[in-house]
Amino acid sequence: MKNMSPWWIRIPVTFFIIFGLMEYFIDSGEQLAIFEYPITQFFMLMVLLILIAMEVILKSIESVMFQTLSEEGKQRYLEAKAKQWEWPWGKKVWAKMTAHKPIEEEGEIILDHNYDGIKELDNDLPPWWVWMFYATAVFAVVYLVRFHIYGDYDQELEYEQEVAAANLAIEEYKRTAKDLVDANTVELLTDASDLNAGKAIFETTCVACHMADGGGGIGPNLTDDHWILGGGIKNVFNTISEGGRDGKGMVSWKSNFKPAEIAQIASYVLSLQGTTPANPKAPEGDLWVDENAPAKEGTQEQTPEQATDSVTVAVN
């Protein structure tokens with residue numbers, strides 16, 4: 001049998017093929033499956049041990065079968081095994097591309113020059129090098145005609161197009177990347193998963209000052225309509241990120257939480273609006289009204305004439 005590849009090539013190649021198939025078929029998100037699911041580490045260890053065991057078993061069988069052969073059979077087997085695999089077509093192509101002379105034929109191209117016993121061979125340039133030179137010449141002609149004669153796009157235009165495409169890609173990434181949100185781009189989160197995540201952080205970090213129900217303690221009441229530094233998702237996000245008033249108020253939390261987490265906390269805080277805490281603290285700050293909020297139905301402002309008419313009707 002021909003020795004196609006040694007065991008130290010077969011085992012790693014087979015192992016990494018199985019590893020690649022495992023990573024392809026197992027959905028593990030952004031992390032590799034071998035890190036996301038520890039059981040896969042045990043699986044790959046078992047695969048490696050099985051591959052090694054198979055090689056050992058095959059080697060043992062080969063050794064036992066070899067001992068059953070006659071001396072002549074053993075000789076033929078060793079010769080067949082020592083014979084290396086060759087690719088005839090690839091060998092011909094390589095010889096044609098290099099066009100080198102065998103050592104036995106170098107006498108035909110040797111020159112008369114002799115430098116201290118060093119002789120020179122009159123070798124031709126390799127065909128692959130000549131073909132590459134012709135290809136560069138053709139490329140140069142096409143380039144000259146396209147850009148210098150017909151005046152196709154220049155480097156400045158190409159640069160501007162690449163920059164414009166990169167800016168569009170950046171804007172799209174910023175639009176979908178939660179961790180790039182800031183006080184200017186943050187939006188109120190309403191998904192239950194985001195609110196639950198914000199609640200979990202709030203209950204472990206903020207209850208010391210605001211109580212678990214948001215009624216307020218050291219910090220202000222978060223359930224009423226009064227805000228010291230402004231209400232709404234943008235103001236609350238900025239207050240959590242940058243901290244409260246200088247010298248008093250809460251500290252900045254931007255070094256402790258990611259922007260996406262701050263957005264979750266701020267959204268949960270706003271979800272406490274209108275709830276009834278067990279021991280609410282008196283309102284602090286100013287009454288805050290969202291100018292961008294849609295007007296409530298049935299809350300039409302009365303004109304002075306309508307107010308006068310109402311009083312007159314009441315008196316009558």
Side-chain angles (χ1 to χ4, degrees), residues 13 16-17 19-36 89-90 92-100 123-191 193-194 197-198 229-230 232-243 252-267 290-294:
V13 169
F16 283 108
I17 289 175
F19 175 78
L21 291 174
M22 181 191 72
E23 291 292 342
Y24 178 79
F25 286 106
I26 297 178
D27 185 9
S28 57
E30 297 181 355
Q31 280 192 332
L32 292 175
I34 199 169
F35 297 129
E36 184 69 16
W89 182 83
K92 289 180 181 179
V93 172
W94 177 256
K96 188 174 182 180
M97 291 182 63
T98 56
H100 66 280
N123 279 313
D124 296 330
L125 289 172
W128 67 265
W129 191 96
V130 177
W131 298 339
M132 185 177 293
F133 174 77
Y134 291 154
T136 57
V138 172
F139 175 83
V141 172
V142 173
Y143 186 90
L144 176 66
V145 172
R146 180 179 179 183
F147 293 102
H148 293 278
I149 297 179
Y150 288 99
D152 204 347
Y153 67 90
D154 55 11
Q155 291 180 336
E156 183 177 359
L157 178 60
E158 184 179 12
Y159 170 76
E160 292 175 354
Q161 291 175 343
E162 292 290 338
V163 170
N167 288 333
L168 290 176
I170 292 172
E171 291 300 324
E172 179 64 20
Y173 176 75
K174 287 181 177 180
R175 188 178 66 83
T176 57
K178 290 185 176 181
D179 282 339
L180 292 180
V181 70
D182 56 23
N184 297 319
T185 60
V186 65
E187 295 181 359
L188 182 65
L189 304 176
T190 57
D191 290 344
S193 59
D194 291 320
L229 297 176
I233 186 63
K234 297 184 185 298
N235 289 324
V236 176
F237 180 96
N238 185 70
T239 302
I240 298 173
S241 175
E242 304 301 327
S252 170
W253 292 97
K254 63 183 178 182
S255 59
N256 298 81
F257 302 112
K258 298 178 181 178
E261 294 174 327
I262 296 178
Q264 292 171 337
I265 301 171
S267 298
D290 187 359
E291 298 178 353
N292 298 322

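Numbers here simply count residues along the sequence, with the first being 1. All values reported here derive from a predicted model rather than from experimental measurement.
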Problem set entry | Reported CD-to-CZ distance for the pair Gln264 and Phe257, which is rounded to 0.5 angstrom | 10.5 Å
Exercise. So which heavy atom on Gly243 is nearest to which on Leu229, and how close?
Worked result: O-CD1, 4.3 Å
For this session: Measure the spacing between CD1 of Ile34 and CD1 of Ile26 and express it to the nearest 0.5 Å.
Result: 9.5 Å
Please list every donor-acceptor pair under 3.5 Å in which a side-chain atom of residues 132-146 meets a protein atom from a residue at least two apart or in another chain.
residue	atom	partner	partner atom	Å
Thr136	OG1	Met132	O	3.4
Thr136	OG1	Phe133	O	2.6
Arg146	NE	Asp152	OD2	2.7
Arg146	NH2	Asp152	OD2	3.2

For this session: Can you establish whether the number of heavy atoms outside Glu172 located under 6.0 Å from its atom CD is more than 12?
Result: yes
Exercise. Is a side-chain N or O of Ser241 found less than 3.5 angstrom from the main chain of Phe237, in a donor-acceptor match?
Worked result: no
Exercise. Nearest 0.5 Å, what's the CD-CZ distance between Gln155 and Phe147?
Worked result: 9.5 Å
For this session: Assess whether atom CD of Glu187 is packed by more than 12 heavy atoms of other residues, nucleotides or ligands within 6.0 Å.
Result: no
Exercise. Do other residues, nucleotides or ligands put more than 12 heavy atoms under 6.0 Å from Trp131 CH2?
Worked result: yes
Exercise. Judged by atom type as modelled, is there a donor-acceptor pair below 3.5 Å linking the side chain of Thr239 to the main-chain atoms of Asn235?
Worked result: yes
For this session: Look only at the side chain of Glu36 and the backbone of Asp27, and say whether a donor-acceptor pair between them is shorter than 3.5 Å.
Result: no
For this session: Indicate the atoms forming the closest heavy-atom contact of Ser28 with Ala33, along with that distance.
Result: OG-N, 3.2 Å
Exercise. For Asp182, which residues count as a salt bridge (Lys or Arg N to Asp or Glu O under 4.0 Å) partner, sequence neighbours excluded?
Worked result: none
Exercise. Which heavy-atom pair separates Ile233 from Ser267 by the least distance, and what is that distance?
Worked result: CD1-OG, 3.7 Å
For this session: Would you name the heavy atoms of Lys254 and Ser252 that are closest together and state the gap between them?
Result: CG-OG, 3.3 Å
Problem set entry | Note, Lys234 side chain near Val186 side chain (heavy atom, < 4.5 Å) | yes
